[in-house]
Student: 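The structure's right below; bear with me while I get my questions together.
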Amino acid sequence: MCQDWRTLTFLHWRYPPQTVQELLPAGLEVETFDGDAWVGLIPFLMDRVRAPRLPSLPWLSRFPETNVRTYVRGPDGRTGIWFFSLDAARLPAVLSGRLGYGLPYQWSAMSVRGAGGAIAYHSRRRWPGPPGAHCDAQIELGDPFPQGELGPLDHFLTARFRLYSVFADRLVAADAEHPPWPLRHAWLGHLRHNLIEVAGLPTPRGRPLMHASDGVRVRIGMWRPVRAAAQPAVEQG
């Protein structure tokens with residue numbers, strides 16, 4: 001699939017690795033940075049969703065989305081994203097994601113509005129639930145990050161090019177191709193949400209580490225079964 005991810009904000013909190021590991025399927029290991037797992041709340045606008053070489057449909061192909069995710073290492077040794085939930089405003093996209101890709105999509109009433117250097121995100125879950133799970137955020141946008149200001153943690157949290165899922169009882173992965181994120185500073189105006197808690201995680205502590213982006217154009221490949229990395233042969237004496 002081809003799609004554009006626009007008007008995006010990354011909000012991340014530290015978590016104990018074992019707390020996150022307990023929610024992962026067999027075969028995935030939580031990936032840490034400085035000894036901590038990280039959980040992200042990422043609201044954005046999905047745009048121009050389409051199959052390759054086909055046009056996008058104005059209403060169906062443009063909608064808000066918010067995902068709750070963490071970072072993992074698969075049995076093949078590669079790293080990527082595991083989604084705890086993905087709220088989206090288009091029911092056909094939700095059904096396609098759940099039935100065709102095994103992703104935990106949720107149908108929600110949502111909006112993304114930007115004006116005067118700020119973005120407002122709204123989400124309230126409809127189906128399958130729990131109904132009323134919500135996220136309301138006001139984000140104040142700052143200047144772009146100079147390239148030299150971004151460090152290893154910034155790249156760890158944002159430069160992700162692989163998605164994991166469980167489909168038909170098998171661990172699968174798909175690769176995502178896109179240019180580097182054009183990241184900018186961001187600050188919280190306000191944040192009221194419970195999407196992380198309803199995913200089964202404790203309430204995050206403290207203020208999140210934040211990045212914003214105007215967006216990138218993305219191409220996501222087909223799911224493929226994930227196989228364990230080959231073990232080196234052991235010589236017999």
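Note that the coordinates shown come from a computational prediction; the quantities given were computed from them, not determined experimentally.
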Student: Taking all heavy atoms of L183 and all of T158, pick out the closest pair and write down the distance.
Tutor: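 L183 and T158 have their closest heavy atoms at CD1-OG1, 3.8 Å.
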Student: For the residue pair D214 and R184, establish whether any side-chain heavy-atom pair is separated by less than 4.5 Å.
Tutor: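 In contact.
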Student: Nearest 0.5 Å, please: how far is OG1 in T9 from CD in E140?
Tutor: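 That separation rounds to 10.5 Å.
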Student: According to the salt bridge (charged side-chain N to carboxylate O under 4.0 Å, His left out) rule, which pairs have a member within residues 191-212, sequence neighbours left out?
Tutor: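 Counting only pairs at least two positions apart or across chains, no salt bridge (charged side-chain N to carboxylate O under 4.0 Å, His left out) contact touches residues 191-212.
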Student: Are L45 and M110 linked, directly or through other ILVMFWY residues, by side chains that come within less than 4.5 angstrom of each other?
Tutor: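 Per the 4.5 Å side-chain linkage, L45 and M110 are not co-clustered.
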Student: Does D4 pair with R6 as a salt bridge, N-O distance under 4.0 Å?
Tutor: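 Yes, D4 and R6 are salt-bridged.
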Student: Would you please test V94 and Q106 for side-chain contact (heavy atoms from CB on, under 4.5 Å) and show each step?
Tutor: CA-CA 6 Å; V94 169; Q106 311 280 338; 5.8 Å; no
Student: Got a second to check how far T66's OG1 is from H122's NE2, nearest 0.5 Å?
Tutor: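 Going from OG1 on T66 over to NE2 on H122, the span is 10.0 Å.
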Student: Are the side chain of N194 and the backbone of H134 linked by a donor-acceptor contact shorter than 3.5 Å?
Tutor: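 Yes, because the side chain of N194 sits within donor-acceptor range (under 3.5 Å) of the backbone of H134.
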Student: Does any N or O in the side chain of Y101 come within less than 3.5 Å of the main-chain N or O of W223, such that one atom is a donor and the other an acceptor?
Tutor: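 Here the side-chain-to-backbone pair does not exist.
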Student: Show your reasoning for whether side-chain contact (heavy atoms from CB on, under 4.5 Å) applies to L188 and L11.
Tutor: CA-CA 10 Å; L188 272 181; L11 303 99; 3.9 Å; yes
Student: To the nearest 0.5 Å, what is the distance between CG on D47 and CD on E65?
Tutor: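 Those atoms lie 12.5 Å apart.
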Student: Mind checking what makes ring pair (Phe, Tyr, Trp, His ring centres under 6.0 Å) contact with W181, not counting sequence neighbours?
Tutor: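 With neighbours one apart ignored, the set is F10, H178.
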Student: Might you point out which heavy atoms bring A176 and V218 nearest each other, and give the distance in Å?
Tutor: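 The answer is CB-CG1, 4.3 Å.
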Student: Check whether any side-chain heavy atom of P182 lies under 4.5 Å from a side-chain heavy atom of V216, and answer yes or no.
Tutor: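 Heavy-atom side-chain distance check passes, below 4.5 Å.
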Student: Can you find a pair of side-chain heavy atoms, one from S96 and one from R90, that are under 4.5 Å apart?
Tutor: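 Not in contact.
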Student: Is S213 close to F44 at the side-chain level, that is, under 4.5 Å between some pair of heavy atoms?
Tutor: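 They are not in side-chain contact.
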Student: Please tell me whether Y121 and L195 are part of a single hydrophobic cluster in this structure, the criterion being side-chain heavy atoms less than 4.5 Å apart.
Tutor: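 Result: yes, single cluster for both.
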Student: What pairs with R224 under side chain to side chain donor-acceptor pair (under 3.5 Å), at least two apart in sequence or on another chain?
Tutor: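 With sequence neighbours excluded, R224 shows a side chain to side chain donor-acceptor pair (under 3.5 Å) to D175, given in chain and number order.
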Student: So W82 and L23, do their side chains get closer than 4.5 Å, heavy atoms only?
Tutor: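 Not in contact.
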Student: Taking the side chain as every heavy atom from C-beta outward, state whether L24 and E29 have any pair of such atoms under 4.5 Å apart.
Tutor: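 No; the side chains remain at least 4.5 Å from each other.
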Student: Has S165 got a side-chain atom pairing as donor or acceptor with G102's backbone, closer than 3.5 angstrom?
Tutor: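 Between the backbone of G102 and the side chain of S165 there is a qualifying donor-acceptor contact (under 3.5 Å).
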Student: Taking a hydrophobic cluster as the set of Ile, Leu, Val, Met, Phe, Trp and Tyr residues connected by side-chain heavy atoms closer than 4.5 Å, whether directly or through intermediates, do L86 and L95 fall within one such cluster?
Tutor: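 Same hydrophobic cluster.
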Student: Is there a donor-acceptor contact under 3.5 Å linking the side chains of D143 and H185?
Tutor: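 No - no donor-acceptor pair under 3.5 Å links their side chains.
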Student: Which distance, rounded to the nearest 0.5 Å, do you find between the CH2 of W187 and the CG of L141?
Tutor: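 Answer for the CH2-CG pair, W187 versus L141, is 8.5 Å.
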Student: Using residues 32-41 as the side-chain source, report each donor-acceptor pair under 3.5 Å to any protein atom, sequence neighbours left out, with the distance given to one decimal.
Tutor:
residue : atom : partner : partner atom : Å
D36     : OD2  : R14     : NH1          : 2.6

Student: Indicate the atoms forming the closest heavy-atom contact of I220 with A174, along with that distance.
Tutor: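 Where I220 meets A174 most closely, the heavy atoms are CG2-CB, 4.2 Å.
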Student: Can you see whether Y71 has R73 sitting over its ring - NZ or CZ less than 6.0 Å from the centre and within 45° of the normal?
Tutor: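 Here R73 fails the 6.0 Å and 45° test against Y71.
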Student: For the backbone of T70 and the side chain of E31, can you confirm whether one donor and one acceptor N or O come within less than 3.5 Å of each other?
Tutor: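 Not at all, since once roles are kept as given, no pair shorter than 3.5 Å links the two residues.
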Student: Report the residues that fulfil ring pair (Phe, Tyr, Trp, His ring centres under 6.0 Å) with F83, sequence neighbours left out, ordered by chain and then residue number.
Tutor: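 In terms of ring pair (Phe, Tyr, Trp, His ring centres under 6.0 Å), with neighbours along the sequence ignored, F83 is linked to no residue.
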Student: I'd like to check L153 versus H12 (side-chain heavy atoms, cut-off strictly below 4.5 Å). Are they in contact?
Tutor: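 Of all side-chain heavy-atom pairs linking H12 with L153, none is under 4.5 Å.
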Student: How many angstroms lie between atom CD of E177 and atom SG of C2, to the nearest 0.5 angstrom?
Tutor: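 Interatomic distance, E177 CD to C2 SG, rounded to 0.5 Å: 9.5 Å.
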Student: Assigning hydrophobic clusters by single linkage (Ile, Leu, Val, Met, Phe, Trp, Tyr; side-chain heavy-atom cutoff under 4.5 Å), is V20 placed with I42?
Tutor: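 No; I42 is not reachable from V20 via cluster members.
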Student: Counting distance only, does the side-chain N/O of R170 pair as donor-acceptor with the main-chain N or O of V166 below 3.5 Å?
Tutor: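 No; judged by distance alone, with no hydrogens or angles, the pair does not exist.
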Student: Which pair of non-hydrogen atoms, one from G27 and one from P75, has the smallest distance, and what is that distance?
Tutor: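 The answer is O-CD, 2.8 Å.
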Student: Determine whether R125 and V198 satisfy the following criterion, side-chain contact (heavy atoms from CB on, under 4.5 Å), listing intermediate values before the conclusion.
Tutor: CA-CA 11 Å; R125 190 170 293 174; V198 300; 4.0 Å; yes
Student: Would M46 end up clustered with W107 when hydrophobic side chains under 4.5 Å apart are linked, directly or stepwise?
Tutor: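 Yes, it is one cluster - the side chains of M46 and W107 are joined through contacts under 4.5 Å.
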Student: List in chain and number order the residues that pass side chain to side chain donor-acceptor pair (under 3.5 Å) with W5, two or more places apart in sequence or in another chain; answer none if no residue qualifies.
Tutor: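 With sequence neighbours excluded, W5 shows a side chain to side chain donor-acceptor pair (under 3.5 Å) to Q3, given in chain and number order.
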Student: If I compare all heavy atoms of W13 with all of H193, which pair ends up nearest, and what's the gap?
Tutor: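 Scanning both residues, the minimum pair turns out to be CH2-NE2, 4.2 Å.
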Student: Which atom pair, heavy atoms only, marks the closest approach of F63 to A93?
Tutor: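 Looks like CZ-CB, 3.7 Å.
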Student: As an exercise, state the distance from OH of Y105 to CZ of R98, rounded to the nearest 0.5 Å.
Tutor: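 With rounding to 0.5 Å, OH (Y105) is 11.5 Å from CZ (R98).
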Student: Indicate yes or no: at least one non-hydrogen side-chain atom of F156 is less than 4.5 angstrom from one of T79.
Tutor: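 No - every pair of side-chain heavy atoms lies 4.5 Å or more apart.
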Student: Could you walk me through whether S61 and R48 pass the side-chain contact (heavy atoms from CB on, under 4.5 Å) test, one step at a time?
Tutor: CA-CA 5 Å; S61 299; R48 300 179 69 238; 5.6 Å; no
